[in-house]
Amino acid sequence: MTASTETGQVSGTANGVGDSPQRPDGTIKVRGEFAYSSDLWHEDMLWGATLRSPHPYARITGIDITEALKLPGVYAVLTHEDVPGVNRYGLEHPDQPVLAVDVVRYQGEPVAVVAADHPETARRAMERVRVGYEVLDPVTDAETAVDGPAPSLHPGGNVVRHVPIRRGEIGEAAVVVRGTYEVGMQDQAFLGPESGLAVPAEDGGIDLFVATQWLHVDQQQIVAALGLPADKVRLTLGGVGGAFGGREDLSIQVHACLLALHTGKPMKMVYNREESFYGHVHRHPARMYYEHGADENGKLLYVKAKLYLDGGAYASSTGAVVANAATLGVGPYDVPNVEIDCWGAYTNNPPCGAMRGFGAVQAGFAYESQMDRLAEACGLDPVEVRVRNAMREGTLMPTGQVVDSAAPVEELLRRVERKSLPAERSGEVDLRTLPGGVSNTTHGEGVVRGVGYAVGIKNICFSEGFDDYSTARVRLQVVGGEVAATVHTAACEVGQGLVTVMQQIVRTELGVEQVTILPMDTTIGNAGSTSASRQTYVTGGAVQAACLAVRKSLFSRAAGRFGGAEFTVSGGKLVSKKDGVLADLVEVLGDDALDETVEWRHRPTETLDPETGAGDAHVQYGFAAHRAVVDVDVELGLVKVIALDCAQDVGKAMNPQAVLGQIHGGSAQGLGLAVMEEIQTEGGKIRNPSFTDYLIPTVLDMPPMSIDVLELADPNAPYGLRGVGEPPTISSTPAIVAAIRQATGLALSRVPVRPEHITGT
């Protein structure tokens, strides 16, 4: 393996880029020895608890903490009056109170926080806080919130953002298909609950150890709420038990710090599972109206759409989600004329924000459902209609942006189409392979099979002119007689394997085996969020750039000793391309250390035109296609996905095993959205805040997957890589639903598909 750099070819090193080395955190996680944020402990620490509103919408008429403070073991009960700084925070807009003042806008909104010497004492004290409410009628429908009639939930009205996309003119078409589609509220369902430990410092500041996705944006919001300078608020990443977007927003961060500073004692906060459902954002529910016009041969002439995304009570990242849904709203297709309007709305439902796929998932279900309708209307195979309209390198997006690297939409579809289908059932059948079979509900009666296809597109990295960068520090020195490297970034490892990839990059660029990743914290510059499939791209780019800077210094030092040879590094040795091995790096470095810090940016993007949606808004696009095979018990309404094959272009498989893991994981979440995962709300209240009632796929639900990984390099990206994590979530859901439709003949325009949607009862 070689990696091209501006200083020549770097010889391959074992466990470098393109290999699949063992994860440094893998063994201890499997053994249960890894310290997650909820495992943190400090001598003499207190426990925090949060009092939350039971109402989706109400005015607060009074708060009485007297009885709570009388309980032995209680150290503090804080309300909005105790917030020393700005009682507002927010990921994109500061519209959410740290603690509610005069109104609550969703069930679960924090009203007060309690500190006590035991978690049960804290909870009992919380129950003694008396809050007076004047209950109001909640707004629970996003379309009504936008179009009315509905009261304004925020001073600026109920529209968080409206993004129009206009390209060309909508004319007549020989074939027109229309549909209305809905996507339910999905939860990230990470297994590690929100948790952290805040420790007051001697300088009057605070040290916070927390499970999060973005250390520096947390720091910015905490600083504002506490009224402290940034150097007095220091964050270190705790062990993260999954994220998927649900940890981008604040949860315990400000509350734990407030209590710690107020009491002068370390403060631990850990949500239980029910509180976790109330305490983080979810995927936006959506209602989408689509119209596709095509000629007699199925070639798209136009797409019209109106999309309403329910952002819940506060903005979170709704603005960016709306932009993604709008700009990617026609899918990976070449469409000359487009008219799309997408709104993100405030309602009194739980707040919604980032989740894997981030706007593209909702749109993807709608436009892929439409492509199946178009295929039927034109008498075409579902793959063929997609191939006839597939974008390719050079295609113009509806925003006018040129797709300037590989867009292998046709190849991905053909690859999954060519894969072998599961054998038809015959003879005695293993009941575990049937829908509901593990519960002995069927022996195969009423079970029919269907096959469905889908392909999706996702933007990679942050968009719309955002200053998207990462900072990395790389140090090369001799430790214990061996040359070793250390890497320091603030990029959050949330389980995706970033620590492994950073080690691989350093081994590739510096030719050393021993690479230590330092704890992620805010003592180094911003690395951005672990979201948008961006960390391998952006922090990987920063680590590579820092390594190149270190190597330049190393080669400059070597030139003084060996002359102007063209150097490379490999296996801990300095190598001349002409003369071979010159010296051990240990000798070249001696007692000195080479240390470089680099702030690295990808190519710039543009904001969208507010009237037409035009602009080069995105850095890169990722593509994936799925073919799903399902068995459906039409009498019971049960579905068993028996195969879910995928093809995806990853640009460069930095770590092939990790790439497969990402595709499996993304596909599993897409399966969950297709047939089981939904936070069900009624009047703004969550009905199923537990893993008993909120169902996620288990090993019994996930089918075998055959995966093709394409490596079509993006010349603008480090190593040619392309973000991997999100695209498989987009195409897996509509492929599964398409298969259910093919099996049952039902229209099925909403996900998740429930048994009653199939049986009609």
Side-chain angles (χ1 to χ4, degrees), residues 29 36 38 183-195 211 213 240-248 251 271-286 350 352-358 361-362 364-365 432 435-439 494-496 531 626 628 630 637-644 646 661-681 686-705 725-726 728-737 739-740 750-755 757:
K29 283 182 174 178
Y36 288 98
S38 56
V183 173
M185 184 185 294
Q186 188 180 18
D187 188 68
Q188 295 86 353
F190 44 72
L191 298 186
E194 290 81 354
S195 53
Q213 290 179 242
V240 182
F244 312 113
R247 298 187 199 270
E248 275 203 318
S251 56
Y271 290 173
N272 60 29
R273 182 57 58 188
E274 180 175 334
E275 187 173 18
S276 180
F277 273 95
Y278 293 110
H280 66 252
V281 298
H282 315 288
R283 187 185 300 286
H284 292 71
C352 292
M355 185 176 172
R356 194 176 198 163
F358 201 83
V361 165
Q362 294 91 329
F365 173 64
R432 293 173 298 178
V438 291
S439 301
V494 299
Q496 82 278 36
S531 61
H626 278 84
V630 303
L638 301 178
V639 177
K640 175 75 172 178
V641 183
I642 61 171
L644 187 58
C646 181
Q662 288 291 318
I663 295 173
H664 276 274
S667 300
Q669 288 184 308
L671 183 153
L673 179 59
V675 295
M676 63 182 72
E677 290 192 48
E678 182 179 9
I679 294 179
Q680 298 183 25
T681 60
I686 298 177
R687 298 176 58 196
N688 57 333
S690 74
F691 280 166
T692 299
D693 299 311
Y694 182 90
L695 305 179
I696 58 176
T698 70
V699 67
L700 295 175
D701 299 299
M702 275 304 294
M705 291 189 67
E726 294 175 289
T729 308
I730 298 162
S731 50
S732 49
T733 297
I736 292 167
V737 178
I740 301 172
R750 187 187 192 281
V751 289
V753 177
R754 300 176 183 170
H757 297 158

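Residue numbers start at 1 and run along the sequence shown. All values reported here derive from a predicted model rather than from experimental measurement. Just the heavy atoms: all of them, side chains too, but no hydrogens, waters or symmetry mates, feed the values below.
The minimum heavy-atom distance between E726 and G357, with the atom names listed, is OE2-N, 3.0 Å. What you find for A189 and Y694 is that their closest heavy atoms are CB-CE2, 4.3 Å.
No donor-acceptor pair under 3.5 Å is formed between the side chain of Y36 and the backbone N or O of G192. With hydrogens and angles ignored, the 3.5 Å screen pairs a side-chain donor or acceptor of D701 with a backbone N or O of T698. With hydrogens and angles disregarded, no donor-acceptor distance shorter than 3.5 Å links the side chain of T729 to the backbone of R356. At least one donor-acceptor pair under 3.5 Å links the side chain of S667 to the backbone N or O of I663. In terms of modelled atom types and a separation under 3.5 Å, the side chain of R247 and the main chain of V494 share no donor-acceptor contact. Between the side chain of Q188 and the backbone N or O of V281, at least one donor-acceptor pair lies under 3.5 Å.
Remark: P435 pairs with V447, D631, D633, L638, K640 by the side chain to side chain contact (heavy atoms under 4.5 Å, CB included) rule, at least two apart or across chains. Considering only residues two or more places apart in sequence or on other chains, P689 meets the side chain to side chain contact (heavy atoms under 4.5 Å, CB included) condition with E274, F277, Y278, I686. Taking the ring-ring contact (aromatic ring centres under 6.0 Å, His included) definition, one finds that H282 meets it with H280, sequence neighbours left out. Remark: A739 engages A628, V630 in a side chain to side chain contact (heavy atoms under 4.5 Å, CB included) (not counting sequence neighbours). For S531, the side chain to side chain contact (heavy atoms under 4.5 Å, CB included) partners are Q213, E248, F462, S529, not counting sequence neighbours. A search for salt bridge (charged side-chain N to carboxylate O under 4.0 Å, His left out) contacts involving E678 returns R750, R754, not counting sequence neighbours.
Within a 6.0 Å sphere centred on CZ of R273, heavy atoms belonging to other residues, nucleotides or ligands number more than 12.
Separation of atoms OG (S38) and CD (E194) is listed at 10.5 Å; rounding is to 0.5 Å.
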**OP:** For side-chain hydrogen bond (donor to acceptor under 3.5 Å, both in side chains), just list the numbers for S732 and H626, CA-CA rounded to whole Å, side-chain angles, deciding distance to a tenth of an Å, and then say yes or no.
**Re:** CA-CA 6 Å; S732 49; H626 278 84; 4.7 Å; no
